[in-house]
Student: 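Got a structure for you, written out below as structure tokens; questions coming shortly.
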2 protein chains.
Amino acid sequence: MRMKDIADLAGVSIATVSRVINNPDQVKPETREKVQKILEQTNFVANAVARGLVINSMRTIGVLTVDIRDMFFARVIYTIERGFKDLGYNVLLSNTGGEPEEKKRYIQVMLEQQVDGLILVGSVFRERTGNKHILTAGRSVPVVLINSFLEGENIYSILCDEGEGIREAVNYLVKLGHRDIYYFIDTKSFSGLAKLEGFRRGARENGLDERKVLEIPRSLEGGEEGVYRLLEEKKKFSAIVTGEDLTAAGALKALLKLGYKVPGDVSVVGFNNLLLAEMTTPSLTSVDNMGEAMAMAAVQTLYNVLQKNPTPPKTVLTPLLVPRESTGAFPG
Amino acid sequence: MRMKDIADLAGVSIATVSRVINNPDQVKPETREKVQKILEQTNFVANAVARGLVINSMRTIGVLTVDIRDMFFARVIYTIERGFKDLGYNVLLSNTGGEPEEKKRYIQVMLEQQVDGLILVGSVFRERTGNKHILTAGRSVPVVLINSFLEGENIYSILCDEGEGIREAVNYLVKLGHRDIYYFIDTKSFSGLAKLEGFRRGARENGLDERKVLEIPRSLEGGEEGVYRLLEEKKKFSAIVTGEDLTAAGALKALLKLGYKVPGDVSVVGFNNLLLAEMTTPSLTSVDNMGEAMAMAAVQTLYNVLQKNPTPPKTVLTPLLVPRESTGAFPG
DNA sequence: GCGATAAATGTAAGCGTTTTCGGAATGCAG
DNA sequence: CTGCATTCCGAAAACGCTTACATTTATCGC
């Protein structure tokens, strides 16, 4: 069923049908109602592809993410989708799995689909290869990066000062009397280095050993492994800061299994402030890196750009430490 | 940059450019290479919208979900997206928030966008209103339901026998010596009633009281609340089965806070077998309702239909009980 | 009721592709 | 070198809309 068919049924021209749908006030009430009745009777659905070809926009934005199963990403993408839906845009989703090649391929596909804009969630890598396609994409379409940073034509970055969040966590633990604080890090993630720097700064400022850092993979098992390694290597520690709630949950799990009291013997701090921080017992003190706020800022930024409004290329949010049960005073 | 521009640069016709892109073997190697060189030099990106208008397909499928932040949905959607990407299809995402009106609106939008098919993840409600639009959607596009069931033209359902999963959980607990088993349920979810029926059957078959059921909301707090209510009402119980890992985590949390040993005093069983079941201490015994398998079946089913292959309208998978640390022998 | 102005509707071009069809160029057998 | 089959390529229609412009119809002051 095309507009032509509706037009024939209503005895008007195809242009009038189009107007009834898009600019109802441009057509006389009488004819308008006649057409609307037929639209309803036939359950007419306009073809947005044909429309898109004419107006040169599908009112769609592409969202690239590493893995939507990650609760942080899921939350961000949820917020983006709802936000853009309210603005009348659709969301094309993808999971690159962190592969630069996949990312390249996806960007290509999304440009082919004529997206109006692109949002990349935490997916800029430090390799050169991954970024080139973002830069070229920026030439045809505005690109917003969440939790990543890149300078370039038509590229906007939304960030959270994650290093500052880690630093705050260290300060918080020091105030609780802790001196032997270990940091579990996965440097491979985008902000891994920024977080590490935050830890070092926090340690230095408090006269602690800034080398108490363990490189571990970003997973539940990684967190467990970290604890086992600390014990194997007979390290002295009363607190663990992690760059990921999931890692913190793993550390917590290992500590409890080994009979440690948390926070009685060891304090644990997570990062991201996901729902999972509330699910463990004890619940996890965590640094909130403002996932939702970043997502909202991304929507606002991209929408601004699409409206041709002047838009700052960089937005930085401040993290927030959320104390819960997994942190307590230094024992003794 | 349009094909026309490429054609002019290469000194060929637009048709030849199209052929170089879509059917390279139809054009003489010499001209082909000439065109390909220009395509690369100019970083040409074809307009899939124009293409879609001609071939009457955007190679896109729409996925409707309640809330992608739910880990179960996230996992399902991830699997769908990856699966369809490999088949050359894009995924249009949406979160209906469970509102029938939103669902209706989304379906409308996706039909306008000319999706090739629709997958609804766990979003058929028992109200009549929510289903009518699915049925009418089926008239223009194949619809696959995950974890829901509906009969109709062009409608396919992928299910898991969730009641059977709950029944198995009851049997498992009975084998461990438990007799006072409570079931925490949220009847508002699609399979809520099927699960309840599974619990009743399991209880009956083992000569237990099948009325030991508590209606609670599907959330962490719901699980906690359930435990408090059992205690307030002075119920006797040594095991709790839930319809949701999240609920189980809440119950576990409340029990641990109140000083109960799990599984020493009380056993807890979750449902969905999400990552979070591994994150708690003790980890949660859970019924796996085959989210990934359902998603894969949905992809296969929809693809089959799109290929005009005969396809069964209903696929039912069998759940699997995954024992972990939260269940143990009846105390004493 | 007349002409001038405003409102309503129709006509047709154009959006960037794919693809059918026919013509030109090429290859090959005789 | 001719004739025919085959390969390659271009012209043009088609996809279903939007919208500028043209045309028709309604409105209004006089």
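Any value given below was found using the heavy atoms of this structure, including those in side chains, with hydrogens, waters and symmetry copies removed. Within every chain, numbering begins at 1; the chains are lettered A, B, ... in the order of the sequence lines, protein sequences first and strands thereafter.
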Student: Less than 4.0 Å between a side-chain N and a carboxylate O, is that true for A:D70 and A:R75?
Tutor: no
Student: Can A:E112 and B:N47 be said to form a side-chain hydrogen bond (donor to acceptor under 3.5 Å, both in side chains), step by step?
Tutor: CA-CA 5 Å; A:E112 283 182 358; B:N47 186 328; over 6 Å; no
Student: Hey, does A:V144 have a side-chain heavy atom less than 4.5 Å from the side chain of A:L118?
Tutor: no
Student: Could you give the distance from CD1 (A:I146) to CG (A:L159), rounded to the nearest 0.5 Å?
Tutor: 10.0 Å
Student: Just how far, in rounded Å, is P of D:dT19 from CZ of A:R19?
Tutor: 10 Å
Student: Expressed as a whole number of angstroms, how long is the span from A:Q26:CD to D:dT18:P?
Tutor: 12 Å
Student: B:Q114 CD to D:dG16 P: how many Å, rounded?
Tutor: 9 Å
Student: Nearest nucleotide by nearest heavy atom, which residue falls closer to the 5' end of DNA chain D, B:A15 or A:M3?
Tutor: B:A15
Student: Can you see whether A:F149 has A:K314 sitting over its ring - NZ or CZ less than 6.0 Å from the centre and within 45° of the normal?
Tutor: yes
Student: Does A:K37 pair with A:E40 as a salt bridge, N-O distance under 4.0 Å?
Tutor: no
Student: In whole Å, I'd like the distance from the CD1 atom of B:I14 to the C1' atom of D:dA11.
Tutor: 11 Å
Student: Are the charged groups of A:K4 and A:D8 less than 4.0 angstrom apart, N to O?
Tutor: yes
Student: To the nearest 10 degrees, how far apart in direction are the end axes of the helix from C:dG1-D:dC30 to C:dG30-D:dC1, each fit to five base pairs?
Tutor: 30°
Student: What is the distance, to the nearest angstrom, from the CD1 atom on A:I6 to the P atom on D:dC17?
Tutor: 9 Å
Student: Select base, sugar-phosphate, or nothing to describe what A:N22 touches, counting heavy atoms under 4.0 Å on all strands.
Tutor: sugar-phosphate
Student: Across the strands shown, which category fits A:V12 at heavy-atom distances under 4.0 angstrom: base, sugar-phosphate, nothing?
Tutor: sugar-phosphate
Student: Could you say whether B:N23 or B:L53 is positioned toward the 5' end of DNA chain C, judged by the nucleotide with the nearest heavy atom to each?
Tutor: B:L53
Student: Would a distance-only check, ignoring hydrogens and angles, find a side-chain to backbone donor-acceptor pair under 3.5 Å from A:N23 to A:D25?
Tutor: no
Student: When the distance from NZ of B:K4 to C1' of D:dG10 is rounded to whole Å, what number comes out?
Tutor: 12 Å
Student: Counting the atoms with a prime plus P, OP1 and OP2 as sugar-phosphate, which does A:T16 contact under 4.0 Å by heavy atoms, base, sugar-phosphate, or nothing?
Tutor: sugar-phosphate
Student: Between which nucleotides of DNA chain C, read 5' to 3', does contact with chain B run, using atoms under 4.0 Å from its heavy atoms?
Tutor: C:dG16 to C:dT20
Student: Expressed as a whole number of angstroms, how long is the span from B:R32:CZ to D:dC8:P?
Tutor: 9 Å
Student: For A:I55 and D:dG16, what is the distance between atoms CD1 and C1' respectively, to the nearest whole Å?
Tutor: 13 Å
Student: Between A:K85 and B:E102, is the closest basic N to carboxylate O distance under 4.0 Å?
Tutor: yes
